[in-house]
Amino acid sequence: MRYTRRFAVGPVEVRVTSNEKSVLDYLGEFYTVTSAAWPGHVWTVDAQVGLPEPDASTNQWGVSWRIDRSDHKVHLRAEAAESLSITARKCVREVLVDHCEQRRYTMLHASAVVDDALRIVVVGNKGSGKTTLALKAALRHGMRYVSNDHLIMYGPDASGTLTLTSLPTLIPLKIGTYLDLEGALPEPWDRDGLDVDAYRASPRSEVYPLDRRVLYTYRRLGHDNPITVDLGPGCSPATTLIVLASYSPGDAGEPEPVADPVTELFAHVRTDWMFDPTLNQRYLPRAERGRDEYLADARRIVTALAERSTVVRWTHRGDPAPILEFAANRRLA
C-alpha cells in the first residue's frame, strides 16, 4: 500500500509518498499536514522501504537517493524505516532552505516568539538561555514559538518586507530546565537515553550546568513550525524587541540600549549551517552563495532588522516576564 501526505513547510509545500506509514507519522511530528494543494511547483519525496536502487547515490545511513528534476521528485530507498524517515525529514527541510536561498537568506543564533502585539528575538551563543526564555514565553505567556536557535531572515523584498522564519530542527531542553517545567510539558519526543529520575533528588544548582538534554519537536509542544513573520517597512521598533541575552544565576539586570546594534547582531550570524556539509546536507539540487556573498547579504539583512527593532542587552535569570513587561511598556508608551 502507498500512503501520501502533503506537508506545509513555512511558505512551501512538500508531498511525501511511502509504503511505510510510520515514515509519514514521523514527519508529522515535525511538519504540519495540509489538505489543500498549493499553487506552483512543489517537490515530492518518494520514500520507500526496500532495497537501495543500484543507480542511486547512498548516504551514510544506507539510504539511496536519486533526483528526478523534470518531476521535482527525490526517490529514497532504504531497508531501515528509521533511517528512511530521518533522510526524508531532511529532504523536506531542504525545500524550505532552497526557498530561502533563492531570497538570499541569512541565519542568526536566535530564538524568537511572537503574539498579536509583540515580536521578541533573543540572540546569543550557547548557554545564553535562548531556549529557556522562548519556551517559558510560550508555556507561561501564550506566545507562539518561531525559532529555537536557527532564525532565518530574508529580504527586504520589493515592498520593503523583511521575513523571519526558522529552520525546522529539534529543540534540546537541558535537564535542569526540563525538571523545572516538567509539569507543564508533554512527554519529550525523545529522552536521548537520559535517565531523568537520576537527577530529581539533586540540587538544581548542580543540575543547571549539566549539558544533558531531552528532545522536543515544535509540534510536540503544540506549535506549528516553521511559521513566517513579516516585518514591513513601517514596522515600529516598539513592537519588535531584540534581546542580546546572557544568563546569570544572580540578580537579573535592567535592559540596556545597544549603541551599535548592527555590529552586535552581525557577530551572531551563523555561518556553520551554510558552510558545514555535515550540517547543511544536500539531496536536492541547489545553487548556493560563497562566504563573501553570504556575509554581505547578512550585513544588509541585519541592518534592516535593526532599523525595525529596539535592541537591548539583558542579563537574566531564566524568566522572560521582565523583558516581556519592558516590551509591552515600550509599545504602550
Side-chain angles (χ1 to χ4, degrees), residues 10-11 96-114 118-131 133-134 145-169 226-246 255-276 279-280 288-316 323 326-327 330:
L96 173 66
V97 174
D98 181 56
H99 173 89
C100 297
E101 175 58 24
Q102 291 175 31
R103 288 151 182 82
R104 305 181 74 88
Y105 79 97
T106 195
M107 185 185 292
L108 281 180
H109 278 282
S111 295
V113 290
V114 300
L118 296 172
R119 308 171 183 93
I120 309 291
V121 177
V122 184
V123 181
N125 291 324
K126 184 177 180 180
S128 60
K130 298 186 301 298
T131 297
L133 292 174
Y145 216 141
V146 180
S147 169
N148 184 59
D149 192 31
H150 300 76
L151 183 65
I152 290 174
M153 308 181 297
Y154 55 82
D157 62 14
S159 69
T161 297
L162 178 67
T163 298
L164 312 182
T165 188
S166 176
L167 190 72
T169 59
I227 61 173
T228 56
V229 178
D230 291 338
L231 307 182
C235 179
S236 167
T239 63
T240 303
L241 178 66
I242 301 176
V243 182
L244 295 163
S246 58
E256 299 176 351
V258 174
D260 186 358
V262 172
T263 298
E264 295 275 5
L265 291 172
F266 190 75
H268 294 279
V269 168
R270 296 190 70 139
T271 57
D272 55 345
W273 171 262
M274 183 73 171
F275 299 106
D276 184 345
L279 296 176
N280 188 6
E288 291 185 314
R289 293 158 290 168
R291 183 179 293 268
D292 289 345
E293 278 187 281
Y294 176 82
L295 291 176
D297 285 323
R299 185 168 291 278
R300 172 180 56 80
I301 293 169
V302 163
T303 299
L305 178 65
E307 290 171 349
R308 291 160 170 78
S309 309
T310 298
V311 185
V312 299
R313 194 184 317 279
W314 183 49
T315 300
H316 66 92
I323 203 68
F326 173 84
R330 285 191 60 84

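Heavy-atom basis, side chains included; hydrogens, waters and symmetry copies ignored.
- Side chain of S309 to backbone of L305: a donor-acceptor contact under 3.5 angstrom is found.
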Where do Y294 and F275 land on the side chain to side chain contact (heavy atoms under 4.5 Å, CB included) test, with the steps shown first? CA-CA 10 Å; Y294 176 82; F275 299 106; 3.8 Å; yes

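- Here the side chain of T163 pairs no donor or acceptor atom with the backbone of D230 at under 3.5 angstrom.
- Side-chain atoms of T161 never come within 3.5 Å of backbone atoms of G155 as a donor-acceptor pair (strictly under, hydrogens ignored).
- Here the shortest heavy-atom pairing between E264 and V258 reads CG-CG1, 3.4 Å.
- Side-chain contact annotation: T131 with N148, donor-acceptor N/O pair under 3.5 Å present.
- A cation-pi arrangement is found for R299 relative to F266, the charged atom lying closer than 6.0 Å to the ring centre and inside a 45° cone about the ring normal.
- Applying the side chain to side chain contact (heavy atoms under 4.5 Å, CB included) test between L241 and each of V122, L118, I323, V121 identifies I323 as the sole match.
- In this structure, the side chain of R104 does not engage the main chain of Y154 through any donor-acceptor pair within 3.5 Å.
- Under the 4.0 Å criterion applied to side-chain N and carboxylate O atoms, D149 and R270 are assigned as salt-bridge partners.
- Remark: side-chain polar atoms of R119 are not paired, donor with acceptor, to backbone N or O of I242 under 3.5 angstrom.
- Here the side chain of K130 pairs no donor or acceptor atom with the backbone of S111 at under 3.5 angstrom.
- Counting non-hydrogen atoms of neighbouring residues, nucleotides and ligands closer than 6.0 angstrom, the CG atom of D292 reaches no more than 12 such neighbours.
- Closest approach of L96 and S166 over heavy atoms only: CD2-O, 3.6 Å.
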